[in-house]
Protein chains: 2
Amino acid sequence: MPRQRLSNNPQPDAKRRSPCPVACALDLLGDKWTLLVVRDLLLGRSRFKDFASSPEGIPSNILSDRLERLLAANVIRQKPAEEGGKRLAYELTEKGIALRPMVRAIRDWGLKWEPGTRAELQPVR
Amino acid sequence: MPRQRLSNNPQPDAKRRSPCPVACALDLLGDKWTLLVVRDLLLGRSRFKDFASSPEGIPSNILSDRLERLLAANVIRQKPAEEGGKRLAYELTEKGIALRPMVRAIRDWGLKWEPGTRAELQPVR
DNA sequence: GTATTTCACTTGCATTTTGCAAGCATTGTA
DNA sequence: TACAATGCTTGCAAAATGCAAGTGAAATAC
């Protein structure tokens, strides 16, 4: 049997705090790490080691957990890292790509109001 | 002495995880509750009881903590709840009002991708 | 003026999440 | 075949969260 990778078992929607779209989005994305992974994906990074080596230093167990949750929510999917290779990489789904305006809004606010921040070498397109 | 209210002592910028504006914004806003308070403020709510009675049911100790952090970050400020009254309310500063595009982006994503969500009676203008 | 209720919190404590370090089985490379 | 890199998992201490129950000042009712 091939080694088990992070599973993608979409769960039925967990109980929501409210029908508010903001609250609902925050149930998935509202923490210190998840949107940094999305940021990395938007910047073109795709592999576990890439996310793990971002300057913020996400712990590997947290990264595993967040990838699992993003898979379950269909924000990302797995793909082979290279043609023919067996290693896996991650990419944004349409639902994930749709997060770009959100990440851009966060980036723009940070740039304007948090002194000393600067945009990535690769801007979030 | 008047009773002590939540203090507004802006701290020198804590150590940052990275100079990335997204990471920096998430250090302040990246959790399940903070942006819901901002949402309520954008919807015109201004008092502790208003935030506490939103449908998500934020625990009062968490609400206290989040108001304190937003005060310290100059995202909100205190004002008297009514003319002449001694009770306090909260309002967004310019820095806080600048969060509107971010909250709107989150709301729009939630509306589009999380089935069953619906916008507030009072839309986020 | 006094009693009562509301408001804006605080406190204590159990539960959950986070963070760090170490370990480990595959996969790729020399 | 050895060795290193990758993509995780595990164990555990520390921090954050969530719930319930206070608490004292301010507003309201009587």
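Lettering of chains follows the sequences in order, A, B, ..., and the numbering in each one begins at 1. Heavy atoms only: backbone and side chains are in, while hydrogens, waters and symmetry mates are out. Model, not experiment: these values are computed from the prediction.
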Q.
Give me each pair satisfying salt bridge (Lys or Arg N to Asp or Glu O under 4.0 Å) with a member in residues 17-30 of chain A, each pair once, sequence neighbours excluded.
A.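 Applying salt bridge (Lys or Arg N to Asp or Glu O under 4.0 Å) to every pair that reaches into residues 17-30 of chain A, excluding sequence neighbours, yields A:Arg17-A:Asp27.
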Q | Candidates A:Leu35, A:Leu43, A:Leu41 - the one meeting side chain to side chain contact (heavy atoms under 4.5 Å, CB included) with A:Arg39 | A |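 Output: one option passes, namely A:Leu43.
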**Q.** Single-linkage hydrophobic cluster, 4.5 Å side-chain cutoff, B:Leu111 and B:Ile106 together
**A.**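 Result: no, two separate clusters.
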Would you kindly give the [atom1]-to-[atom2] distance between [X] and [N], to the nearest whole Å?
{"X": "B:Glu68", "N": "D:dT17", "atom1": "CD", "atom2": "P", "value": "13 Å"}
{"X": "A:Ile62", "N": "D:dA13", "atom1": "CD1", "atom2": "P", "value": "17 Å"}
{"X": "A:Asn61", "N": "D:dG11", "atom1": "CG", "atom2": "P", "value": "13 Å"}
{"X": "A:Asp65", "N": "C:dT16", "atom1": "CG", "atom2": "C1'", "value": "12 Å"}
{"X": "A:Leu67", "N": "D:dC8", "atom1": "CG", "atom2": "P", "value": "7 Å"}
{"X": "B:Arg45", "N": "C:dA8", "atom1": "CZ", "atom2": "P", "value": "15 Å"}
{"X": "A:Leu63", "N": "D:dC8", "atom1": "CG", "atom2": "C1'", "value": "9 Å"}
{"X": "B:Arg66", "N": "C:dT10", "atom1": "CZ", "atom2": "P", "value": "14 Å"}

Q: Output the single nucleotide from D:dG18, C:dG19, C:dG28 whose closest atom is nearest the side chain of B:Pro59.
A: D:dG18
(Q) Checking contacts here: which listed nucleotide (C:dC7, D:dG7, C:dC9) is nearest the side-chain heavy atoms of B:Phe48? (A)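 Output: C:dC9.
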Ionic contact status for [Y] with [X], cut-off 4.0 Å:
{"X": "B:Glu91", "Y": "B:Arg45", "answer": "no"}
{"X": "A:Glu114", "Y": "B:Lys95", "answer": "yes"}
{"X": "B:Arg16", "Y": "A:Glu56", "answer": "no"}

Ignoring backbone atoms, establish whether [X] has a side-chain N or O less than 4.0 Å from OP1 or OP2 of [N].
{"X": "A:Arg69", "N": "C:dT17", "answer": "no"}
{"X": "B:Lys32", "N": "D:dG18", "answer": "yes"}
{"X": "B:Trp33", "N": "D:dG18", "answer": "yes"}
{"X": "B:Arg87", "N": "C:dA8", "answer": "no"}
{"X": "B:Arg47", "N": "C:dA8", "answer": "yes"}
{"X": "B:Ser60", "N": "C:dA8", "answer": "no"}

Q. With no hydrogens and no angle check, do the side chains of B:Asp31 and B:Thr34 hold a donor and an acceptor under 3.5 Å apart?
A. yes
Q: Find the bend of the helix from C:dG1-D:dC30 to C:dA30-D:dT1 as the angle between its two terminal axes (five pairs each), to the nearest 10°.
A: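 Axis angle across the helix from C:dG1-D:dC30 to C:dA30-D:dT1, nearest 10°: 30°.
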